[in-house]
Amino acid sequence: MIRQAARDFAQRELIQDVIERDYKGIYPAKHIETMRQLGFFGMMVSPEYGGGGMDAISYVMALEEISKIDSSVAVIMSVHNSLVCLGIEKYGSKLQKDKYLHDLTSGKKIGVFLLSEPEAGSDATRQKTLAEDKGDHYLINGTKNWITSANSGSVYMLFAQTYPEKRHKGINALIVDKDSPGISLGPKEDKMGLRSSDTHSVMFTDVKVPKENRIGEDGFGFKLAMALLESGRIGIAAQATGLAAGAYERSLQYAKERKAFGTEIINHQAIAFKLAEMAVKIENARNLVHKAAWLKDQGKDYLLAGSMAKLYAADMAMEVTTDAVQIHGGYGYVREYHVERLMREAKVTQIYEGTSEIQKIVISRALSKGL
Ligand code: CAA
């Protein structure tokens, strides 16, 4: 039922203006409203806080269906659910849960995850943004980069350094209201893909954040970021699987209709074999995503499975969407047929929430530990 609801929403509603929104970089405000009504903003949060109380398998199915059509919407949903909602529900204080979760699960407010900096992307321990301890509050100064939903979202989960000499052990995670005095945004990034989601740099100048907004113990921030990215990576893997599946479904349909050399092109082995390979790769990625989600649902360790799913699905999505453009020929190179957009969308899944290279670090370290 959840998969069907997400599929209906994507195939009936998102599809209508996805090309225009991508071209003009328009935020999907009216679709966010529908998603609120469908309950897509607190899917895995407990009903106690207005969430859907669903499992991770249901969540990745919904994300896959939405990503078949529109990854801009999928990334807003993924950062909100996998990172911010999970972070506050699992690690936040009672006060923080009561104050923030209802607005997040209802979708009234969108969650934002602020980890990356101009000089701290893959090397996330090198946070330069400062959160100076001023007794009853922290004073924040610094800049965050590539922040999804920075303008449209309003519940910021900020990572900043309190004790630089302690390196990653000095980082804290704070919940910050976007409207706090001293926060300003850079211009909307003019991205290659996911152009309908809003990505900005965010500047903090003497921003006061009450101490009660710190998540977990003093210095817990980096561990929190890593723990949340474990979960986030399953979502991004589902997104990559979805957009590849979207490109594949379009290619299959096109190959059955388009004729060349006197027959539908699916009858040419060059095309048929490409489609066969695409289908196998997508199925492999989906299985990895579902395995990671299942392990999460069982309360088992999913670090290795999540990173494997992210690495495989992202690289696979780049290959499959490139093949989809090739199958479409000249039509694949123009907007109307969607596959060029899906190819542009695929690229970022190899970059954000840990590049493919970072996934190999995580995987190889986990393997050497015998996980
Ligand atoms: N859970 C809990 N703790 C963890 C952890 C995990 N999964 N992984 C690491 N840690 C802990 C380690 O135990 C260690 O703690 P101790 O020193 O107390 O033992 C500490 O974190 C540091 O770990 P490492 O020594 O492994 O640190 P490292 O610098 O060698 O490597 C890294 C860490 C894996 C490379 C990490 O920096 C990383 O994941 N980088 C990528 C960052 C990233 O994914 N950014 C995405 C931005 S968010 C985004 O993209 C959202 C969006 O908009 C879509």
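The shown structure was predicted, so the numbers you read here are calculated from the model rather than taken from an experiment. Just so it is clear, the values below take in all heavy atoms, side chains as well, and ignore hydrogens, waters and symmetry mates. Every number for a ligand or one of its atoms is a count from 1 in the order of the listing.
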**OP:** Measure up the Y331 and Y337 rings against each other and bin them: parallel (under 30°), tilted (30 to 60°), perpendicular (over 60°).
**Re:** tilted
May I ask you to identify the nearest protein heavy atom to [atom], giving residue, atom name and distance to one decimal place in Å?
atom: atom 27 (O) of ligand 1; answer: R365 NH1, 4.1 Å
atom: atom 34 (C) of ligand 1; answer: V362 CG2, 4.0 Å
atom: atom 35 (C) of ligand 1; answer: I358 CD1, 3.8 Å
atom: atom 42 (C) of ligand 1; answer: G121 O, 3.7 Å
atom: atom 22 (C) of ligand 1; answer: F222 CE2, 3.5 Å
atom: atom 7 (N) of ligand 1; answer: E230 OE2, 2.7 Å
atom: atom 29 (O) of ligand 1; answer: T125 CG2, 3.6 Å

**OP:** Go through the steps for L252 and M278 under the test side chain to side chain contact (heavy atoms under 4.5 Å, CB included), then give the verdict.
**Re:** CA-CA 10 Å; L252 180 64; M278 290 159 87; over 6 Å; no
Will you find, in the side chains of [X] and [Y], an N or O donor that is under 3.5 Å from an N or O acceptor?
X: E257; Y: Q253; result: yes
X: S152; Y: Y27; result: yes
X: D123; Y: T125; result: yes
X: K191; Y: T199; result: yes
X: S58; Y: D55; result: yes
X: K99; Y: N213; result: no

Under 3.5 Å: N/O of [X] near N/O of ligand 1:
X: G354; answer: yes
X: Y352; answer: no
X: K169; answer: yes

**OP:** Answer side chain, backbone, both or neither: which part of R233 comes under 4.0 Å from ligand 1, heavy atoms only.
**Re:** side chain
**OP:** Answer side chain, backbone, both or neither: which part of V79 comes under 4.0 Å from ligand 1, heavy atoms only.
**Re:** side chain
**OP:** Answer with yes or no whether S78 contacts ligand 1, where contact means a heavy atom under 4.0 Å from a ligand atom.
**Re:** no
Minimum distance, heavy atoms only, to [atom]: which one of [options] is it?
atom: atom 41 (C) of ligand 1; options: A124, S116, S122, S307; result: S122
atom: atom 12 (C) of ligand 1; options: E357, K223, E353, Q359; result: K223
atom: atom 17 (O) of ligand 1; options: M226, H168, K310; result: H168
atom: atom 52 (C) of ligand 1; options: I171, L224, T148; result: T148

**OP:** Measure centre to centre between the rings of F113 and Y156, then say whether the value is under 6.0 Å.
**Re:** no
Original post:
Going by the order shown, which atoms of ligand 1 are within less than 4.0 Å of some heavy atom of F113?
Top reply: 48 (S)
Subject >> Atoms in ligand 1 flagged as close to L229, the criterion being non-hydrogen separation under 4.0 Å >> reply: 43 (C), 44 (O)
Original post:
Could you state the interatomic distance from OG1 (T349) to CG (L243), rounded to the nearest 0.5 Å?
Top reply: 6.0 Å
Original post:
To the nearest 0.5 Å, how far apart are NZ in K97 and CD1 in I88?
Top reply: 10.5 Å
Subject >> Evaluation steps, salt bridge (Lys or Arg N to Asp or Glu O under 4.0 Å), between E283 and R286 >> reply: CA-CA 5 Å; E283 190 66 17; R286 188 177 289 125; 3.2 Å; yes
